[in-house]
Asks: 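First the structure, then my questions, so here it is.
Per chain, numbering begins at 1; letters A, B, ... match sequence-line order.
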Protein chains: 2
Amino acid sequence: MTELEGAILTLLYMEGAMTSYGVRRAFLDSPSSFWSASAGAIYPALRRLEEAGLLIATDASRGNRPAKSLRLSESGKASMLEWVKNVSTAIGPGFDPFRLRAPVWIKLEPEERKALKAELETGVVERIRAIDALDPGHPDALRHALERVQQETRLEWIRKTL
Amino acid sequence: MTELEGAILTLLYMEGAMTSYGVRRAFLDSPSSFWSASAGAIYPALRRLEEAGLLIATDASRGNRPAKSLRLSESGKASMLEWVKNVSTAIGPGFDPFRLRAPVWIKLEPEERKALKAELETGVVERIRAIDALDPGHPDALRHALERVQQETRLEWIRKTL
DNA sequence: CAGAGCATGTAAAGTGTTACATGATTTA
DNA sequence: TAAATCATGTAACACTTTACATGCTCTG
């Protein structure tokens with residue numbers, strides 16, 4: 001199971017049934033650049049999950065517009081739970097573009113480094129403000145809170161170390 | 001430029017010239033599950049970078065064993081610097097398998113949640129100890145330090161929230 | 001009622017993974 | 001000297017991105 005497939009299953013578990021485009025929109029709304037949410041990734045993944053019996057589709061056309069509502073099957077729920085409970089994958093460091101670039105920042109010429117430091121600080125502060133402006137009742141509120149901690153950690157590192 | 005290509009360029013910038021396998025071994029040693037470091041990803045990426053003129057290869061065969069030494073060209077260094085200084089990409093949240101799974105953990109049955117909490121706590125504590133055991137003179141020491149902060153943040157969240 | 005955006009996809013090309021292959025060198 | 005592992009790849013398959021296509025529905 002890819003991370004995208006796992007993420008789709010958790011989305012349907014957390015938020016209940018939705019259409020294919022609803023799934024796609026949820027990824028489009030995600031701030032992470034990791035999720036491009038391109039149609040060519042989402043729709044084939046949904047088809048794979050449906051063919052594997054993890055998702056059940058029921059017709060939900062409204063008027064002339066065709067649509068299908070997707071929900072987790074029992075085996076889909078079981079697969080999702082197995083996936084989320086895999087500790088070694090869950091605690092891996094994942095992918096952090098900030099951590100990947102930081103060692104090079106340290107080696108920049110002083111004036112270039114200072115300029116970049118200011119840009120990074122502004123960007124992170126803005127991002128924290130944007131998170132604070134989000135609806136605390138949003139289904140992704142917990143993820144936003146976790147991203148906020150990450151951004152605060154970065155801000156502290158920028159100020160103290162860069 | 002993909003993140004893998006950018007990471008290869010930063011590696012050669014930080015550590016100087018090395019062979020193809022040296023590049024691959026650096027990714028194999030990385031703790032992040034994001035870098036599979038499969039030969040089928042690394043070697044084609046190196047070929048692309050060389051064809052684009054960002055890397056220069058010189059023969060470095062030893063005895064009967066063929067090998068080439070790879071180093072950054074001037075345009076390779078310029079591309080790498082442009083890549084690391086892209087602020088909006090650098091401050092994106094990236095991909096965090098922990099954050100992706102956390103909302104589901106919260107919804108588990110109490111006894112299941114408690115068991116998982118213990119497993120996660122043990123795993124993260126072990127990972128922190130493993131980082132502490134690493135050589136502080138390692139070229140990736142800064143990245144290790146940043147991962148350590150991430151793991152400490154997770155540990156605190158596990159203890160306080162999960 | 002025309003244009004913007006909603007909703008659902010497909011096709012080609014690029015990238016990554018898994019598995020295999022080959023010969024060189026080190027180590028027990 | 002046999003086995004392990006170093007070092008360098010390739011091939012088939014899977015997945016993602018980019019670009020395109022199609023018709024519907026709302027809004028000014």
Asks: If the plane angle is over 60° it's perpendicular, under 30° parallel, otherwise tilted; pick one for A:His144 and A:His138.
Replies: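 Ring orientation of A:His144 relative to A:His138: tilted.
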
Asks: Got a salt bridge between A:Glu147 and A:Arg127, using NZ or NE/NH1/NH2 to carboxylate O under 4.0 Å?
Replies: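 Counted as a salt bridge, because a side-chain N and a carboxylate O are separated by less than 4.0 Å.
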
Asks: Treating primed atoms plus P, OP1 and OP2 as sugar-phosphate and everything else as base, which nucleotides of nucleotides 13-20 of chain D get B, S or - for protein heavy atoms under 4.0 Å?
Replies: --SSBB--

Asks: Would you mind reading off the distance between A:Arg24 atom CZ and C:dG5 atom P, rounded to a whole angstrom?
Replies: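 Checked: the CZ to P distance equals 15 Å.
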
Asks: Assess A:Arg101 against B:Trp83: is NZ or CZ under 6.0 Å from the centre of the six-membered ring, and within 45 degrees of the ring's axis?
Replies: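 Yes - A:Arg101 lies over the ring of B:Trp83, closer than 6.0 Å to its centre and within 45° of its axis.
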
Asks: In whole angstrom, what separates A:Glu3's CD from C:dG16's P?
Replies: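 It works out to 17 Å between those atoms.
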
Asks: Under 4.0 Å: is that the gap between some side-chain N or O of A:Ser20 and OP1 or OP2 of C:dA7?
Replies: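 Negative; the distance criterion is not met.
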
Asks: Quick one: do the A:Ser75 and A:Ser73 side chains pair a donor with an acceptor below 3.5 Å?
Replies: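 Side chains of A:Ser75 and A:Ser73: pair found under 3.5 Å.
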
Asks: Look at the aromatic rings of A:Trp105 and A:Trp157 and report parallel, tilted or perpendicular, splitting at 30° and 60°.
Replies: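 Judged by the thresholds at 30° and 60°, the geometry between A:Trp105 and A:Trp157 is tilted.
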
Asks: Tell me which residues in residues 86-94 of chain B lie within less than 4.0 Å of DNA chain D, going by non-hydrogen atoms.
Replies: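 Contacts with DNA chain D under 4.0 Å: none.
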
Asks: Here's a test for you: under side-chain contact (heavy atoms from CB on, under 4.5 Å), which of B:Asp96, B:Leu120, B:Val149 qualifies with B:Arg154?
Replies: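 Among the candidates, only B:Asp96 passes.
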
Asks: May I have the distance from B:Tyr43 (atom OH) to D:dT8 (atom P), rounded to whole angstrom?
Replies: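 In whole Å, D:dT8 P and B:Tyr43 OH are 5 Å from each other.
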
Asks: Contact between A:Leu11 and A:Met18 at the side-chain level, heavy atoms closer than 4.5 Å - yes or no?
Replies: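 A:Leu11 vs A:Met18: side chains touch.
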
Asks: Nearest whole angstrom, please: distance from the P of D:dA7 to the CG of B:Leu46.
Replies: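 Atom-to-atom, B:Leu46 to D:dA7, this comes out as 15 Å.
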
Asks: Please pick, from D:dT8, C:dG9, C:dT8, the nucleotide with the shortest atom-to-atom distance to any side-chain atom of A:Thr19.
Replies: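 Out of D:dT8, C:dG9, C:dT8, the nucleotide with an atom closest to A:Thr19's side chain is C:dT8.
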
Asks: Do other residues, nucleotides or ligands put more than 12 heavy atoms under 6.0 Å from B:Glu112 CD?
Replies: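 Counting neighbours around CD of B:Glu112, more than 12 heavy atoms of other residues, nucleotides or ligands fall under 6.0 Å, so yes.
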
Asks: For C:dA7, does OP1 or OP2 lie under 4.0 Å from any side-chain N or O of A:Arg25?
Replies: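 Affirmative; the distance criterion is met.
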
Asks: Working note: A:Phe34 + B:Phe95, criterion ring-ring contact (aromatic ring centres under 6.0 Å, His included); need CA distance, chi angles, decisive distance, verdict.
Replies: CA-CA 6 Å; A:Phe34 183 78; B:Phe95 171 72; 4.3 Å; yes

Asks: Given atom CG of A:Leu28 and atom C1' of C:dG5, what is their separation to the nearest angstrom?
Replies: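 Whole-Å distance recorded here is 13 Å.
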
Asks: Mind calculating the distance between CZ (B:Arg47) and C1' (C:dG16) to the nearest angstrom?
Replies: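 Between C1' of C:dG16 and CZ of B:Arg47: 13 Å.
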
Asks: Take the protein atom CG of B:Asp29 and the nucleotide atom C1' of D:dC6, then report the distance between them rounded to whole Å.
Replies: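 One finds 14 Å between C1' of D:dC6 and CG of B:Asp29, rounded.
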
Asks: Expressed as a whole number of angstroms, how long is the span from B:Tyr21:OH to D:dC6:C1'?
Replies: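 From B:Tyr21 OH to D:dC6 C1': 6 Å.
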
